[in-house]
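Structure, as structure tokens:
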Protein chains: 2
Amino acid sequence: MQLRQSKHRTTAKNRKMKEGMRTRCESCIVRQFNALRAMGKEELKKVSDSKITKTVKKGETIFEEGEKLDGVFCVRSGVSKLSKLSENGKDQIVKLATKGEVIGQRSVIAEEFSNLSAKAVDDMEICFIPKDIITTTLNTNPNFGVEVLRHMAHDLKEADDVIVNMGQKTVKQRIAQAFLYLKSNFGEDKDGFLTLTLSREDIANVVGTATESCIRIISEFKKKGLLETSGKKVAIADEKGLEEVVEGF
Amino acid sequence: MQLRQSKHRTTAKNRKMKEGMRTRCESCIVRQFNALRAMGKEELKKVSDSKITKTVKKGETIFEEGEKLDGVFCVRSGVSKLSKLSENGKDQIVKLATKGEVIGQRSVIAEEFSNLSAKAVDDMEICFIPKDIITTTLNTNPNFGVEVLRHMAHDLKEADDVIVNMGQKTVKQRIAQAFLYLKSNFGEDKDGFLTLTLSREDIANVVGTATESCIRIISEFKKKGLLETSGKKVAIADEKGLEEVVEGF
DNA sequence: AGCCCAACATGACATTTATCATATTTTAGA
DNA sequence: TCTAAAATATGATAAATGTCATGTTGGGCT
């Protein structure tokens, strides 16, 4: 497991995020899923007035590891992968953030450079919210603080679960689990294919294995009738079977 | 990696924690390390009046996975391992909590059953703080909320780092790293042995490997002059060498 | 002091996973 | 539509890791 250079480091070039039309936060459905719902009327108005809605195309970077964040990003649509580069040059994807989730809040709250980078897996629509409003609301509105805390507590629990899986499950089990996760979190289209299509490399970087191993195991799952593929699209053919793989059969 | 039963599940029996003498929180040094320092005078007084100081002996359980917590525990001395049992019957140690750290707060804040169990690695002295005081303070004192948030943000970052290490480093690298961690976090005694002595099994459960593999790698490190042992005590003989192992040489 | 049990240790072997090489397919873009 | 590059696929092999067996040691206990 050594010295494979990451092939395409994202540069400042693919960073132009289109600034889009304004939508009022007050009427944004997405807000129900995150801590912004604990904000008062005036606070929300301030957010709405200072936020910037952006379009991010698939593959583009929202922010990079080590970068100073001046605010947080609220995901309106699409999916972002949060990853960290390890010394061997490979990315480890730590989390996939989707509609309603807020990213970058950990770094803003800790007042640190970001420990992760965020890239769009999909075409995305996101809102940038300057950190001032976040921090002043935190300092004045305890409800908001509690709500943010609850979300962070949830993230922490999920991270714990990932650690356990990484430590105790085989690569094969983790890959099976990853597909079940993709189904239950992002669903499938009318033809039964997973809505969110990740590249094999991304899947490998989620479960922490080599891309070739990942491909090989997917092939094995296909042979066993657990998965079906069409191009890079993947369909779960035998959910129960995959669950059994995860449990260790 | 299958079906190895966990040998000793802790029962209610080894749960009698001795209730000790009272020390005022206001003068507790340990408080400087955690979010309690953001509490006001009266809040702190309430904590001090309602807290219960307990002694926990090495090996005893503070709380178990799935248990409902009625408060948090503040570590005054000693070390606790926070772990989660995976389906294959092995524990994954997710975190070691030491002096000044507060455990159980995630579950109390999220109002969920604990996702982890906490056991004493050392003889410990801990203070139990009922959750009412925590939650009411959170609801009224924004400073406290922000402080808790900061600590949780820190935990989350650490969890991210663990995920990356589990995904991208070999067992050998992770074990080398674990010893460097033990040195930098718990120090060494006058003879150069690590202050905190973990069993080989615990180390294996930290890095997510089989106990035998862990022992084997420690033996290898001894042969290479990176470690020295005396009984179960371990000394770091070549710190630079271990660092090189972690980097991948 | 001596006994006993759990922890430590090591060998032999099976299995999993990574690595390198090389096709083949798919996709994005001219 | 065509083409080059990227992604997917697979083989061969080496290296890492797990598993089972068995032996050894050390520390707590009477």
Side-chain angles (χ1 to χ4, degrees), chain A residues 1-10 14 57-60 86 88-92 121 123 166-176 193 197-205 207-223 227-234 245 248-249, chain B residues 1-8 57-59 86 88-92 121 123 166-176 193 197-205 207-223 227-234 245 248-249:
Chain A
M1 190 214 291
Q2 239 72 27
L3 290 182
R4 298 215 303 151
Q5 287 303 335
S6 76
K7 291 142 202 167
H8 28 240
R9 295 239 36 176
T10 318
N14 42 356
K57 288 231 203 65
K58 177 175 175 173
E60 287 180 350
S86 91
N88 62 14
K90 285 174 69 177
D91 263 346
Q92 176 67 39
V121 171
D123 288 350
M166 299 283 267
Q168 305 292 346
K169 289 195 195 303
T170 64
V171 170
K172 199 177 294 189
Q173 289 174 303
R174 272 144 45 203
I175 290 179
F193 290 106
T197 301
L198 289 181
S199 70
R200 308 293 196 258
E201 186 179 8
D202 277 346
I203 296 170
N205 290 346
V207 304
T209 191
T211 305
E212 299 93 320
S213 299
C214 180
I215 291 173
R216 222 179 286 278
I217 288 171
I218 290 174
S219 297
E220 185 190 328
F221 286 171
K222 280 196 284 185
K223 283 200 192 91
L227 294 179
E228 280 163 19
T229 64
S230 163
K232 42 180 16 185
K233 284 196 161 302
V234 177
V245 170
F249 297 104
Chain B
M1 191 213 291
Q2 239 73 27
L3 290 181
R4 299 214 304 149
Q5 286 303 334
S6 77
K7 291 140 201 168
H8 29 240
K57 289 230 202 64
K58 177 175 172 172
S86 89
N88 63 13
K90 286 175 68 177
D91 262 348
Q92 175 68 39
V121 171
D123 288 350
M166 300 283 267
Q168 304 293 345
K169 288 194 195 302
T170 65
V171 170
K172 200 176 294 187
Q173 290 174 303
R174 269 142 47 201
I175 289 178
F193 290 105
T197 301
L198 289 181
S199 69
R200 308 291 196 257
E201 188 180 7
D202 277 345
I203 297 171
N205 291 346
V207 304
T209 190
T211 306
E212 299 94 319
S213 298
C214 180
I215 290 172
R216 221 179 286 277
I217 288 171
I218 290 175
S219 298
E220 184 189 327
F221 286 171
K222 280 197 283 187
K223 284 201 192 92
L227 294 179
E228 280 163 19
T229 64
S230 163
K232 42 181 14 185
K233 284 194 161 302
V234 177
V245 171
F249 296 105

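Letters go in sequence order (proteins before strands), and every chain restarts at 1.
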- line: Separation of C:dA28 atom C1' from A:Glu60 atom CD, nearest Å, is 15 Å
- prompt: Atom NZ of A:Lys169 to atom C1' of C:dT17: distance rounded to whole Å?
  reply: 18 Å
Residue mapping more 5' on DNA chain D - nearest nucleotide basis, B:Arg174 or B:Lys58: B:Arg174
- prompt: Is any side-chain heavy atom of A:Lys172 less than 4.5 Å from a side-chain heavy atom of A:Thr209?
  reply: no
query: To the nearest Å, how far apart are B:Met166 CE and D:dT17 C1'?
result: 14 Å
Whole-Å gap separating C1' (D:dT17) and CD1 (B:Ile217): 8 Å
Show me the protein contacts with nucleotides 9-15 of chain C, counting only N or O atoms at under 3.5 Å.
residue : atom : partner  : partner atom : Å
C:dA9   : OP1  : B:Lys222 : NZ           : 3.1
C:dA9   : OP2  : B:Arg200 : NE           : 3.0
C:dA9   : OP2  : B:Arg200 : NH2          : 3.2
C:dT10  : OP2  : B:Ser219 : OG           : 2.6
C:dG11  : N7   : B:Arg216 : NH1          : 3.1
C:dG11  : O6   : B:Arg216 : NH2          : 2.9
C:dA12  : N6   : B:Arg216 : NH2          : 3.3

message: Using whole Å, what does the distance between atom P of nucleotide D:dG26 and atom CD of B:Glu201 come to?
response: 20 Å
message: Once side chain to side chain contact (heavy atoms under 4.5 Å, CB included) is applied, do any residues pair with B:Ser219, and if so which ones, sequence neighbours excluded?
response: B:Ile215
field: side chain to side chain contact (heavy atoms under 4.5 Å, CB included) partners for A:Ala176, two or more places apart
entry: A:Phe221, A:Leu242, A:Val245, A:Val246
Exam field: side chain B:Glu228 to backbone B:Lys222, donor-acceptor pair closer than 3.5 Å: no
- prompt: How long is the line joining CD of B:Gln168 and C1' of C:dT17, in whole Å?
  reply: 14 Å
query: Are the side chain of A:Lys169 and the backbone N or O of A:Ile175 linked by a donor-acceptor pair below 3.5 Å?
result: no
message: Atom NZ of residue position A:Lys58 - does it have more than 12 heavy atoms of other residues, nucleotides or ligands inside 6.0 Å?
response: no
Nearest-angstrom distance from the residue atom CD of A:Glu220 to C1' of C:dT17: 12 Å
field: For atom NZ of A:Lys172 and atom P of D:dT17, their distance in whole Å
entry: 18 Å
- prompt: Does the side chain of B:Thr209 get closer than 4.0 angstrom to OP1 or OP2 of D:dG18 through an N or O atom?
  reply: yes
